[in-house]
Structures are given as C-alpha cells and as structure tokens.
Peer 1: 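A single structure is presented below for examination.
Since the structure is predicted, the reported quantities are computational estimates derived from the model, not experimental observations. Only this structure's heavy atoms are used, side chains among them; waters, hydrogens and symmetry mates stay out.
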Amino acid sequence: MDSLQVLAPLTALVAGFAHALEPDHMAAVTTFVSRRPRPLQAVGFGVRWGIGHSAAILVVGCILIALDIRLPDLLARGLEFGVGAMLLGLGGWLLWSVLHDRAHRMAHAGAPADDAHAHGHSHRHGSLWVGMAHGLSGTAPLVAAVSATAAGSPLQAAGYLFLFGVGTTVAMALYAVVAGLVFDHAGHRGPALSGALRALTAVGSAGIGVLWMVNAAFPA
C-alpha cells in the first residue's frame with residue numbers, strides 16, 4: 001500500500017470535517033438548533049444536515065465523475081444563489097419566530113419563561129433538505145478536487161466522497177451540540193438573552209444569505 005492510498009482516506013475525512021464548518025453551513029444549522037437546543041435534538045439537526053449534504057454529494061458527484069462531465073458555470077452559480085436565498089429565508093423564519101414568541105410571552109405573562117422550549121414549532125426534517133441543497137451547490141468544486149486528489153478508479157472517487165461525507169457529518173454533529181449548549185444555557189438565563197441570541201442568529205443567517213446571492217449573481 002503506497003502513501004497515496006493511506007493519505008487519500010485521511011484527506012477525505014479532514015477535508016469533510018473542515019468543509020462542514022463553513023459559515024453558510026453553520027448559519028443554516030444554527031437556525032434550527034436555536035429552536036430546539038437540547039443536546040439530543042441539536043445533534044439530530046447536525047446529523048440530518050450531514051446526511052442530506054453527504055447523500056447529495058455522493059449521488060451527484062458519482063454521476064459527474066462516471067460520465068466525466070462538469071456542471072455548467074451558470075448552473076453552479078444558480079445553485080449558490082439558491083443557497084443564499086434559502087439562508088435568507090431561514091433567517092426570516094427565525095426572526096419571525098422570535099417576534100412571535102415575544103408577543104406570545106407578553107400576552108401570557110404567566111407562561112413558562114423559555115418559550116423556545118415550550119412554544120416553538122420546529123420542522124424536524126428541515127435540516128435534511130437544507131443539507132441536500134448545500135450538497136448540490138458544493139458538488140462541482142468538490143468533484144474538481146476529487147479528480148486531483150483521488151485520481152484513480154470511479155470506485156476510489158466514490159470512496160473519497162463517502163469518507164468526505166462522514167467527516168462532514170461528524171463535524172456538524174459536534175458543532176450542533178456545542179451550539180445547542182450555548183442556546184440552552186442562554187434559555188435558562190432568561191427569555192431576553194435567549195431571544196436576543198436567536199435574533200442575532202437570524203440576522204446573521206440572512207446577512208450571509210444576501211452575501212451568497214450577491215456573489216453568485218456578480219462573480220468576481
């Protein structure tokens with residue numbers, strides 16, 4: 001076994017781990033975690049996002065590699081624009097929920113203090129579909145990287161993509177737990193701090209979404 005055969009799987013895992021911690025990925029998962037921050041719920045969001053992301057990359061990436069084709073630049077930019085719009089929508093959804101919870105708390109002064117735990121409705125599988133969208137938008141550059149890093153058989157390339165997905169999922173699960181602990185602690189400190197932190201998350205997600213849309217529409 002040569003050094004390339006040893007390094008390629010490790011490279012895939014590390015690259016996947018690092019890839020998960022990009023701003024748009026963390027922003028998307030944080031919007032879900034902020035509504036259901038308890039550890040088991042938070043890690044569920046991270047794992048589902050990772051599975052969706054990995055499945056999209058594995059399926060589409062294998063097709064592109066097997067057929068030796070690349071996504072047209074216009075389509076790749078369109079997918080990036082779509083991710084930006086999705087982040088903007090997630091930010092808007094979270095901000096609306098913060099304002100709704102605040103209005104509900106003011107109208108029901110005797111209700112439990114932490115409405116993020118008691119009243120919020122979370123789309124349980126939303127992070128799965130968001131992960132898929134992120135995976136689709138990231139397939140083109142990843143396939144180009146695989147061609148250079150695992151330039152062997154299509155089976156080796158598929159193995160690289162699979163391990164990349166494992167690294168991505170593990171990293172996002174860990175991040176989701178940490179983010180969940182932060183939001184859970186804020187929720188126990190009081191609804192004002194919890195609401196402010198979620199509002200900041202909403203604005204951050206929307207801001208990153210707008211930036212992604214601008215970059216996709218007007219590439220450098």
Peer 1: Apply side-chain contact (heavy atoms from CB on, under 4.5 Å) to H134 and E22, showing your working.
Peer 2: CA-CA 11 Å; H134 272 126; E22 293 184 355; over 6 Å; no
Peer 1: List the residues meeting side-chain hydrogen bond (donor to acceptor under 3.5 Å, both in side chains) with H25, not counting sequence neighbours, and say none if there are none.
Peer 2: none
Peer 1: Looking at T31 and W93, what are the two nearest heavy atoms and their distance?
Peer 2: O-CZ3, 3.8 Å
Peer 1: List the residues meeting side chain to side chain contact (heavy atoms under 4.5 Å, CB included) with I208, not counting sequence neighbours, and say none if there are none.
Peer 2: P23, D24, A27, L87, W212
Peer 1: Under a 4.5 Å cut-off applied to non-hydrogen side-chain atoms, are L79 and V83 in contact?
Peer 2: no
Peer 1: Is there a continuous path of hydrophobic side-chain contacts, each under 4.5 Å between heavy atoms, that joins L95 to L200?
Peer 2: no
Peer 1: Applying salt bridge (Lys or Arg N to Asp or Glu O under 4.0 Å), which residue pairs with at least one partner in residues 76-96 are found, sequence neighbours left out?
Peer 2: D73-R77
Peer 1: Not counting sequence neighbours, which residues clear ring pair (Phe, Tyr, Trp, His ring centres under 6.0 Å) with W96? List them please.
Peer 2: H100
Peer 1: Run the side-chain hydrogen bond (donor to acceptor under 3.5 Å, both in side chains) test against T30 and tell me which residues pass, sequence neighbours left out.
Peer 2: Y175
Peer 1: Examine L74 and F218 and state if one hydrophobic cluster contains both, with Ile, Leu, Val, Met, Phe, Trp and Tyr joined whenever side-chain heavy atoms are less than 4.5 Å apart.
Peer 2: no
Peer 1: Given 3.5 Å as the limit, does a donor-acceptor pair link the side chain of S97 with the main chain of L94, or not?
Peer 2: yes
Peer 1: Within 45 degrees of the ring normal and closer than 6.0 Å to the centroid, is that where the cationic atom of R48 sits relative to F45?
Peer 2: yes
Peer 1: Taking the side chain as every heavy atom from C-beta outward, state whether F164 and T168 have any pair of such atoms under 4.5 Å apart.
Peer 2: yes
Peer 1: For M213, what residues pass the side chain to side chain contact (heavy atoms under 4.5 Å, CB included) criterion, not counting sequence neighbours?
Peer 2: F81, A85, L88
